[in-house]
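Notes follow the structure.
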Amino acid sequence: MSYDHQKIEKKWQAIWEKNQSHKTNDDPQKKKFYCLDMFPYPSGEGLHVGHLRGYSYSDAIARKKKMEGYNILHPMGWDAFGLPAENFALKYKVHPIESTQKNIANIKKQLQATGFMYDWNREINSSSPEYYKWTQWLFLQLYKNGLAYRKEAPVNFCPSCKASLANEEVVDGKCERCGTLTIKKNLKQWFFKITKYADKLIDDLESLDWPEKVKTMQKNWIGRSNGTEFFLNVLYGEKDVIELEKIDKFTQQWLGNIDTIENCVKIKVYTTRVDTVFGMTYVVLAPEHPLIPYLTTEKYKIDVEKYVEESRNISEIERTSQEKEKTGVFTGSYAINPLNGSKVQIWIANYVLLEYGTGAIMAVPAHDERDFAFAKKYNLEIIEVIKSNDKKSSVENDAFVDDGILINSGEFDQLHSSVAREKITQWLENQAMGYGTKKYKLRDWLISRQRYWGAPIPIVYCKQCGEVPLLEENLPIELPKNIQNFSPTLDGRSPLANINKFVETKCPLCGGYAERETDTISQWVCSSWYFARYADPKNSEKIFDLEKINYWLPVNLYIGGVEHAILHLLYARFFTKIMRDLNLIEFNEPFTRLFNQGMIYYKGTKMSKSKGNVVNPDDFFAKYGADTMRVYELFMGPAEQDVEWNDQGVVGTYRFLQKVWKIIEKYQAQNNTQKIKTIEQAKYSKDMEQLTHKTIKKVTDDVENFKFNTVISCLMEYTNKIFNSQFPISNDSVLILLKLLAPIAPHICEELWHQLHPEISEKESIFNQSWPQYDINLIVEEKFELVIQVNGKMRDSIKVEKNISEIEIKELIFKNEKIKKWILDEKQIKKIIFVPERLVNIVI
RNA sequence: GCCGAGGUGGUGAAAUGGUAUACACGCUGGACUUAAAAUCCAGUGGGAGUGAUCCCGUGCGGGUUCGAGUCCCGCCCUCGGCACCA
């Protein structure tokens, strides 16, 4: 019987299904391992072999861990809400509920055909009311704890998706999904206060076994900086102070705690380089800064108004253009440097952003590249206040931006930058003119979407009571199903707004007429907590049971693409911290270890159906089988690296599996009762035993380190050794080969295992066998290959006893014909380097 | 510009500072076959030589070392991420 992959793969998938082999039971007595894949969205295009790479890694790890005796949680589910699913439904004019179900069924079939050991009893679907009930419930918990709020703000809006986006969903000013340039739109939107957790989200990264790249990306995204905020007294024109009463309420508020100091207007600036404050030669406000009208003098009014108007229009369209030419305009007013009392011009410029810091900066052209470029352009003064150690550099041509020794800085001269920052901040604090503070680039998370296919936000608006959260017992608020038109609208309102039956409701507080919030919750929220639900997926009373959470969570290993480095992984960490503060869980970080598998390219680009360059798993499985695909995908190259799919390369792994099959055939055909007869055979048998244990060690270690490509090459070598031998195959070597290969190629190994054990029932499985252990004593060799080098170049190698002495080696060297050629006279030898159990190097 | 990863045969790629190119693909030759496929065997970095052998070789230029793909310094290129964040 030859290797019929189609037959055996179908056979074992059916048997595993029938016996519920992959069902996970909570068993507090057993050590657990939670191995999680990022759940996919149920795309209408189905999966291609590129999608299956990450799943193949996690399945191999999960199966190996199972053989090592762990209780495994290896679940799968669907990130079913959101734009892709909805757009698919709109395109094919079906209801998203229907298309989502269909797409899920299709992908599930593909995953099952690949033979992954998911426990489908725990399948979850983020678009099912049983699930989004708890998404809504979490929203209410955030709301009650002041972590969800509604605010009118200029938000990123995608004109093509017709929905608002979170900052994280805007890449280079474009919609992360469809690539359309986003616009700013003033909308009343719901936000989650992720900024409250900024410090924890940075600091807790330390403890995680994650790729450094991802940690760095998150750190940069949160963008924490330490600096100083301080106030500058302001003069309207050259000499008049502006009294606070003359400023409108909004601007007063915006300026913050200014009125606690004096009764006149000050500008607040933020800097990380307060050590350079004596080099301040002007101050810059962002074009949207609310103080501008109060500061602009008559003489400059026309210029300023024109500039502000222009930058308002430009900022929306040209924000993303590569050429970021700095422009600006003088207001006519001045600010006073609190450190030395010098009077500096107040400018408006496009390179200062309102949203970051205080929307205003002190400009130190000598020590900041942007200020330098601006000062050169507008001919503003440049004062050097930091001396570099490097005598050659000067602030004539470039800003000097490193730390150094202060000069031209009064009492702070001669201090190093790092000391000066502390001293000057202290000085400002003593004068009540400033303080040390931290700033973040991270903004609060915008979660409302003006789309149909999402969980409705559980809030109503009542004429009497205002904004009212729904009662928990009334959850879920279900999406209306029987509607004709769920297309997004152009007016920035959700399609739900047109469904009176949905909108009109009663106020939970007063019972009077109220209207529902019609925006839905971003699908990123749904995926921010799903990993916890798998521990208790069917609980209808609680979001999950704490005991179950305590057993299974956190996730031991999380596998997925690097494209989620910021969005999903940041949101999930944020939700974990919230759930912990709500005492729903007792851990701090959701994913202890993260692994990002590389992408598979095909014909030069990323596999995708729209580009027509996919390898369809259904076709592939028919030709070579799921096991071959799994072996090939892991063999292609290092797991974290992008790799190119090669149709020809596949056959090598197919041949490998066939060879494994033939070995078992050969083993079964041979007479296994024969005793070892010859000396050669005895030696072979000993060498083979040693190789077996070496192989166990290598495979075990490399799987742990995700080096599956070398795991497979090692198993290929082992297989070749067994296959090419003229001597009978030992029982040990075939059983161990099958066990080591089983996590990667489960079907063929299960089949061959059963062929070797015809007496056991099909309920038994190779995956209930224990992972092979190696005996370190058997790996140790008595002899080794001694490399003989002359001047670092290998000239010969000889097999010698392990405990050979240096004197004995010397004798061997001088007897060696090949080496004699290189050494004419022993007096030539300068020295001899001995590397124990490895080599000897003769230096002449 | 800044941060990160990488650059090794015809190709995918191996290599705790110690035999560079394991494993696999492809290619060449051979066996089997009427033939092909499949399978099996041998060879396969470049150069010189009948040959044993020798020389040169891990993006480029230096350095450390008995010995460097690996460590250090300075460049070049590719790919990812960030980018007026004061």
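Throughout, protein chains are lettered first and strands after them, A, B, ... in sequence-line order, and every chain is numbered starting at 1. Computed from heavy atoms alone, side chains included, the values below leave out hydrogens, waters and symmetry copies.
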All heavy atoms of A/C175 vs all of A/T182, minimum pair found to be N-CG2, 3.6 Å
Taking the P atom of each, how far is B/rA14 from B/rC75, in whole Å? 29 Å
Using a cut-off of 4.0 Å on non-hydrogen atoms, how would the nucleic acid contact of A/G649 be classed: base, sugar-phosphate, or nothing? sugar-phosphate
Measure from OH on A/Y632 to P on B/rC23 and round the result to the nearest Å. 18 Å
Any base atoms under 4.0 Å from A/V364, or only sugar-phosphate, or nothing? Heavy atoms, all strands. nothing
Could you list all N or O pairs between the protein and nucleotides 53-59 of chain B that sit under 3.5 Å apart?
unit_1 : atom_1 : unit_2 : atom_2 : d
B/rC55 : OP1    : A/R795 : NH2    : 3.3
B/rC55 : OP2    : A/R795 : NH1    : 3.1
B/rC56 : OP2    : A/K793 : NZ     : 3.0

Cation over ring face, A/K659 and A/F723, 6.0 Å, 45°: yes
Using a 4.0 Å heavy-atom cut-off across all strands, classify A/K215 as base, sugar-phosphate, or nothing. nothing
Contact class for A/Y440 (heavy atom, under 4.0 Å): base, sugar-phosphate, or nothing? nothing
Looking at every strand, decide which applies to A/P211 at a 4.0 Å heavy-atom threshold: base, sugar-phosphate, or nothing. nothing
Search all heavy atoms of A/N350 against all heavy atoms of A/K326 and return the closest pair with its distance. OD1-CA, 3.6 Å
Among residues 837-844 of chain A, which residues get a heavy atom nearer than 4.0 Å to RNA chain B? A/R838, A/L839, A/N841, A/V843
Taking syn as any angle within 90 degrees of 0 and anti as the rest, which one fits B/rG62? anti
Nearest to side-chain heavy atoms of A/T271, which nucleotide of B/rA13, B/rA86, B/rA15: B/rA86
Taking only residues two or more places apart in sequence or in another chain, which ones pass side-chain contact (heavy atoms from CB on, under 4.5 Å) with A/K7? A/D4
Rounded to whole Å, please give me the gap between CG in A/N646 and C1' in B/rG12. 7 Å
Please list, chain by chain and in numerical order, all residues satisfying side-chain contact (heavy atoms from CB on, under 4.5 Å) with A/R443, sequence neighbours excluded. A/N167, A/E355, A/Y356
Between A/H367 (side chain only) and A/F400 (backbone N and O only), is there a donor and an acceptor less than 3.5 Å apart? yes
Compare the minimum distances between each of B/rG18, B/rA86, B/rC84 and the side chain of A/V835, then state the nucleotide with the smallest one. B/rG18
Residues from residues 715-724 of chain A sitting under 4.0 Å of RNA chain B, heavy atoms only? A/M716, A/E717, A/N720, A/N724
Closest to the side chain of A/V643, out of B/rA13, B/rC84, B/rC3, is B/rA13
In residues 629-638 of chain A, what donor-acceptor pairs under 3.5 Å come from side-chain atoms, sequence neighbours left out?
unit_1 : atom_1 : unit_2 : atom_2 : d
A/R630 : NE     : A/I744 : O      : 3.1
A/R630 : NH1    : A/D59  : OD2    : 3.3
A/R630 : NH1    : A/T114 : O      : 2.9
A/R630 : NH1    : A/G115 : O      : 3.3
A/R630 : NH2    : A/D59  : OD2    : 2.7
A/R630 : NH2    : A/P743 : O      : 3.4
A/Y632 : OH     : A/N646 : N      : 3.1
A/Y632 : OH     : A/N646 : O      : 3.3
A/E633 : OE1    : A/R53  : N      : 3.0

Is there a side-chain hydrogen bond (donor to acceptor under 3.5 Å, both in side chains) between A/Y307 and A/T327 once you walk through the steps? CA-CA 9 Å; A/Y307 184 78; A/T327 58; 2.7 Å; yes
Separation of the P atoms in B/rA68 and B/rU19, to the nearest angstrom: 11 Å
Would you mind reading off the distance between A/F708 atom CZ and B/rG12 atom C1', rounded to a whole angstrom? 19 Å
What one should report as the nearest heavy-atom pair of A/D275 and A/A420 is CB-CB, 3.9 Å
A/N596 CG to B/rA5 C1', straight-line distance once rounded to whole Å: 13 Å
So does A/L205 get a backbone contact from the side chain of A/K215, meaning a donor-acceptor N/O pair under 3.5 Å? yes
If the C1' atom of B/rG51 is compared with that of B/rC60, how far apart are they to the nearest Å? 38 Å
Among the nucleotides B/rC23, B/rC3, B/rA86, which one has an atom lying closest to any side-chain atom of A/S713? B/rC23
Under 3.5 Å, which protein N or O atoms sit close to an N or O of nucleotides 78-82 of chain B? Give each pair with its distance.
unit_1 : atom_1 : unit_2 : atom_2 : d
B/rG80 : O2'    : A/K213 : NZ     : 3.1

Separation of the C1' atoms in B/rG45 and B/rA22, to the nearest angstrom: 15 Å
Given 3.5 Å as the limit, does a donor-acceptor pair link the side chain of A/N337 with the main chain of A/F278, or not? no
My validator wants the stems of RNA chain B: runs of 3 or more consecutive Watson-Crick or G-U pairs, both distances under 3.5 Å, written as range with range. B:1-7 with B:76-82, B:10-12 with B:23-25, B:26-31 with B:39-44, B:45-48 with B:53-56, B:59-63 with B:71-75
Classify the nucleic acid contact of A/N709 as base, sugar-phosphate or nothing, counting any heavy atom under 4.0 Å across all strands shown. sugar-phosphate
Take atom P in B/rC77 and the same atom in B/rG67, then report the distance between them in whole Å. 32 Å
Heavy-atom count check: over 12 atoms from other residues, nucleotides or ligands less than 6.0 Å from A/E369 CD? no
Is there a side-chain polar atom (N or O) of A/Y356 under 4.0 Å from OP1 or OP2 of B/rA86? yes
Is A/E369 side chain donor-acceptor paired with the B/rG1 base, going by distance under 3.5 Å alone? no
Euclidean distance for C1', B/rC66 against B/rU78 (whole angstrom): 36 Å
Hey, is the main chain of A/M599 close enough, under 3.5 Å, to the side chain of A/D642 for a donor-acceptor pair? yes
Of all heavy-atom pairs between A/Y571 and A/E168, which one has the smallest distance, and what is that distance? OH-OE1, 2.8 Å
Taking side-chain contact (heavy atoms from CB on, under 4.5 Å) as the definition, give me every residue that meets it alongside A/S725, ordered by chain and number, with sequence neighbours left out. A/Y684, A/F727
Using the C1' atom on both, measure B/rU70 against B/rU65 and round to a whole Å. 13 Å
Show me the side-chain donor-acceptor pairs of residues 787-796 of chain A shorter than 3.5 Å, one per line, residues at least two apart or across chains.
unit_1 : atom_1 : unit_2 : atom_2 : d
A/N791 : OD1    : A/I844 : N      : 3.0
A/D796 : OD2    : A/N816 : ND2    : 2.9

A/S225 near the nucleic acid: base, sugar-phosphate alone, or nothing, with a heavy-atom cut-off under 4.0 Å? sugar-phosphate
Please name all residues satisfying side-chain contact (heavy atoms from CB on, under 4.5 Å) with A/K666, sequence neighbours left out, ordered by chain then number. A/I729
Rounding to the closest angstrom, what is the interatomic distance between B/rC23 and B/rG61 at atom P? 31 Å
For A/L442 against A/A198, the heavy-atom pair lying closest together: CD2-CB, 4.2 Å
Over all strands shown, is A/Q641 touching base, sugar-phosphate only, or nothing at heavy-atom distances under 4.0 angstrom? sugar-phosphate
B/rG12 phosphate, OP1 or OP2, under 4.0 Å from A/Q648 side-chain N/O: no
Excluding sequence neighbours, so at least two apart, what forms salt bridge (charged side-chain N to carboxylate O under 4.0 Å, His left out) with A/K606? none
